[in-house]
Number of protein chains: 2
Amino acid sequence: MDIKRKDFIISDTPALCQACESRHRGVCGALSSDQLLQLSRHSHRRVVPPGTELVGESTRINSYSNIISGVVKLSKMMADGRQQIVGLQFAPDFLGRPFRKENGVSAEAATEVTICTFPRTVIERMIGEMPELEHQLLEQTLNELDEARNWMLTLGRKTAAEKVASFLLLIATHAFPENERDSVEFELPMSRMDIADFLGLTMETVSRQLTKLRGEGIIRITSNRHVEVPDISRLSDRAGF
Amino acid sequence: MDIKRKDFIISDTPALCQACESRHRGVCGALSSDQLLQLSRHSHRRVVPPGTELVGESTRINSYSNIISGVVKLSKMMADGRQQIVGLQFAPDFLGRPFRKENGVSAEAATEVTICTFPRTVIERMIGEMPELEHQLLEQTLNELDEARNWMLTLGRKTAAEKVASFLLLIATHAFPENERDSVEFELPMSRMDIADFLGLTMETVSRQLTKLRGEGIIRITSNRHVEVPDISRLSDRAGF
DNA sequence: CGACGCCTTGAACGATGTCAACGTGCGTGG
DNA sequence: CCACGCACGTTGACATCGTTCAAGGCGTCG
């Protein structure tokens, strides 16, 4: 069946939502067409450049968003400026902490990011009315918890070499979720400094480890951001698995 | 009103649950007396010694528990034996990962632990019937996520001295949740080796940093496990705040 | 008393951080 | 178009922190 034709038939789905990944994999997957419509009346899309602060570390939360495209980094900072990135979010993740006034992390666009934003009150009302939506949030939160704990192992117990390999692997798997192949190439969504802040290292150490992996033929770096991995299993070995 | 008398009036609350902290602060707080009764028919209490494995890293989950007393450590291990503790759980935390077949972490009793265990099927059915219970789980999961991300900052960016101070502070605040005083004393719930695995350090480094804090008069260590903190704010300074 | 588990202490080593110089790509303004 | 400055990344030399390896202390239990 022609896709356009099908979209015409279910035309009560808001136009904006029709092409949106969140409608299937994200939290919006829990909503009916009617509910999507209701929500979409209060939502608006934004495209923001890299570096934009989306949520401050101790600002009140008055809106939530779905990530439509791009990468968002969640980070914490110490008084003296030391910084740690505590998570990356990709489409179609839900951005924001339901039922929390403060969230304790700041969210910043790592790449150019497209988000779909709704006011806090609307979401919280809908959660109250729809157990399924809350279930969806619990699922995502559990996933984030798993990822956080995996990363704790990386931060606490892996060497610099293993950390950098782990990072490349993380990006590779997010760039190609269902990948079966052994060779991939992708763009790094962030700078060397950001990678360092994610891995608990310095920029210099990250750079040296990348150079080492390049020297060993495990990766190729064409531009600063573009990485090719001819054999993922060799990279995986370096990550400590 | 006399407490015993009050308990008598709501005597449809199962006897085991009456004195249980989970009934108020934990997930059971979401349940009515009837539901508690229903759940308690399928639950049983266990007291296990330190070191008991409660959940294996890749074992299927067939039961859930509430922690009644004691401390449970959640950890991950690499193939070569390197280990990282990724979280500590205290009463009245809920132990187990709803809707996950595997959980990716192993849970082990750090101290002597009392738990109240229910079969998976019962819990999952009750969650389906009671949105409030799922909400309770979401709240706890969000709390665990916050703690995990805080600890990521500790693992990635703090010095050994700051890590050890942070750990002592964590235990102190859990031992005295609503504490306003500036002086506390408590028992460490785990060995130097465990502390090292929690902080991403070696046992030796932990020991040296404790000795240093003792030398500076910030803590006193009477037995190996017993710690006194005369002035919490001084300890807090050392934790990097 | 001796053996054992747990912890502390010391000395040497090594991985990662620090500091500084240099390279590279890119946009801007002459 | 070139020269320049700037942001970002790489590389080198050296310093430092935390690990490693080894010895010894301390309390507990046989």
Side-chain angles (χ1 to χ4, degrees), chain A residues 49-51 73 78 80-85 108 110-111 154-168 171 187-216 219-227 238-240, chain B residues 49-51 73 78 80-84 110-111 154-168 187-216 219-227 238 240:
Chain A
K73 56 188 210 214
M78 293 174 64
D80 61 6
R82 279 176 286 176
Q83 196 172 18
Q84 175 68 45
I85 293 179
E108 186 183 315
T111 61
T154 301
L155 288 172
R157 288 303 184 201
K158 291 189 184 177
T159 65
E162 291 168 333
K163 284 179 177 180
V164 171
S166 299
F167 172 75
L168 293 174
I171 300 300
E187 298 290 317
L188 294 177
M190 49 213 238
S191 69
R192 298 292 188 271
M193 188 62 219
D194 281 346
I195 298 173
D197 281 341
F198 192 29
L199 294 170
L201 298 171
T202 59
M203 214 193 58
E204 292 91 332
T205 300
V206 170
S207 177
R208 278 186 251 269
Q209 296 300 336
L210 285 173
T211 304
K212 203 171 117 213
L213 286 173
R214 180 160 47 79
E216 295 169 321
I219 59 173
R220 289 183 53 206
I221 303 178
T222 52
S223 84
N224 275 337
R225 295 289 186 102
H226 191 88
V227 176
R238 301 312 177 95
Chain B
K73 55 188 209 215
M78 294 174 64
D80 61 6
R82 280 176 284 177
Q83 196 171 18
Q84 176 68 45
T111 61
T154 301
L155 289 172
R157 288 303 185 202
K158 291 189 184 176
T159 64
E162 289 169 335
K163 284 179 178 181
V164 171
S166 299
F167 172 75
L168 292 175
E187 297 291 316
L188 295 177
M190 48 213 236
S191 70
R192 299 291 188 271
M193 188 63 218
D194 281 345
I195 298 173
D197 282 341
F198 191 29
L199 294 170
L201 297 170
T202 59
M203 214 191 57
E204 292 91 332
T205 300
V206 170
S207 176
R208 277 186 252 268
Q209 296 300 336
L210 285 173
T211 304
K212 207 171 116 212
L213 286 173
R214 181 161 47 81
E216 296 169 321
I219 60 174
R220 289 183 53 207
I221 302 178
T222 51
S223 84
N224 275 337
R225 294 289 186 102
H226 191 88
V227 176
R238 300 313 176 95

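Just so it is clear, the structure is predicted and the values come from calculations on it, not from any experiment. Numbers restart at 1 for each chain; the letters A, B, ... are given by sequence-line order, proteins then strands.
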*Kindly write out the residues that satisfy side chain to side chain donor-acceptor pair (under 3.5 Å) with Lys158(A), not counting sequence neighbours, or none if the list is empty.*
Ser166(A)
*What's the CG-C1' distance between Leu201(A) and dT18(C), to the nearest Å?*
14 Å
Output a table of nitrogen or oxygen pairs between the protein and nucleotides 26-28 of chain C separated by less than 3.5 Å.
none

*With sequence neighbours excluded, what pairs up with Arg192(A) under the salt bridge (Lys or Arg N to Asp or Glu O under 4.0 Å) test?*
none
_Of residues 206-215 of chain B, the positions that come close to DNA chain D - non-hydrogen atoms, cut-off under 4.0 Å_ = Arg208(B)
*Which residues pass the side chain to side chain donor-acceptor pair (under 3.5 Å) test with Arg82(A), sequence neighbours left out?*
Asp80(A), Glu162(B)
*Results of side chain to side chain donor-acceptor pair (under 3.5 Å) for Thr202(A) - residues two or more places apart only*: Thr205(A)
_Any residue meeting side chain to side chain donor-acceptor pair (under 3.5 Å) with Thr154(B), in chain and number order, not counting sequence neighbours_ = none
*Value rounded to 0.5 Å, distance of CZ in Phe167(B) from CG in Leu210(B)*: 9.0 Å
*Which comes earlier along DNA chain D counting from the 5' end, the contact point of Asn224(A) or that of Ala160(B), where each point is its nearest nucleotide?*
Asn224(A)
*asked:* From CZ of Arg82(B) over to C1' of dA15(C), roughly how many Å is that when rounded to an integer?
replied: 13 Å
_Taking salt bridge (Lys or Arg N to Asp or Glu O under 4.0 Å) as the definition, give me every residue that meets it alongside Glu108(A), ordered by chain and number, with sequence neighbours left out._
Lys73(A)
*asked:* Rounded to whole Å, how long is the line connecting atom CD1 of Ile195(B) with atom P of dC6(C)?
replied: 13 Å
*Can you check the Asp197(A) CG to dT16(C) C1' distance for me, whole Å?*
16 Å
*What is the 5' to 3' range of DNA chain D, first to last nucleotide, that sits under 4.0 Å from any heavy atom of chain A?*
dG9(D) to dA13(D)
_Could you work out, with salt bridge (Lys or Arg N to Asp or Glu O under 4.0 Å) as the rule, every residue matching Arg220(A), not counting sequence neighbours?_
Glu228(A)
_Once salt bridge (Lys or Arg N to Asp or Glu O under 4.0 Å) is applied, do any residues pair with Arg238(B), and if so which ones, sequence neighbours excluded?_
Glu216(B)
*asked:* Once side chain to side chain contact (heavy atoms under 4.5 Å, CB included) is applied, do any residues pair with Arg214(B), and if so which ones, sequence neighbours excluded?
replied: Thr211(B), Ile219(B), Ile221(B)
*Positive for side-chain contact (heavy atoms from CB on, under 4.5 Å) with Val164(A), one of Thr159(A), Leu199(A), Ile195(A)*: Leu199(A)
*hbond_proxy Glu204(A) side chain to dC19(C) base (donor-acceptor, 3.5 Å cutoff)*: yes
*Classify the nucleic acid contact of Ser223(B) as base, sugar-phosphate or nothing, counting any heavy atom under 4.0 Å across all strands shown.*
nothing
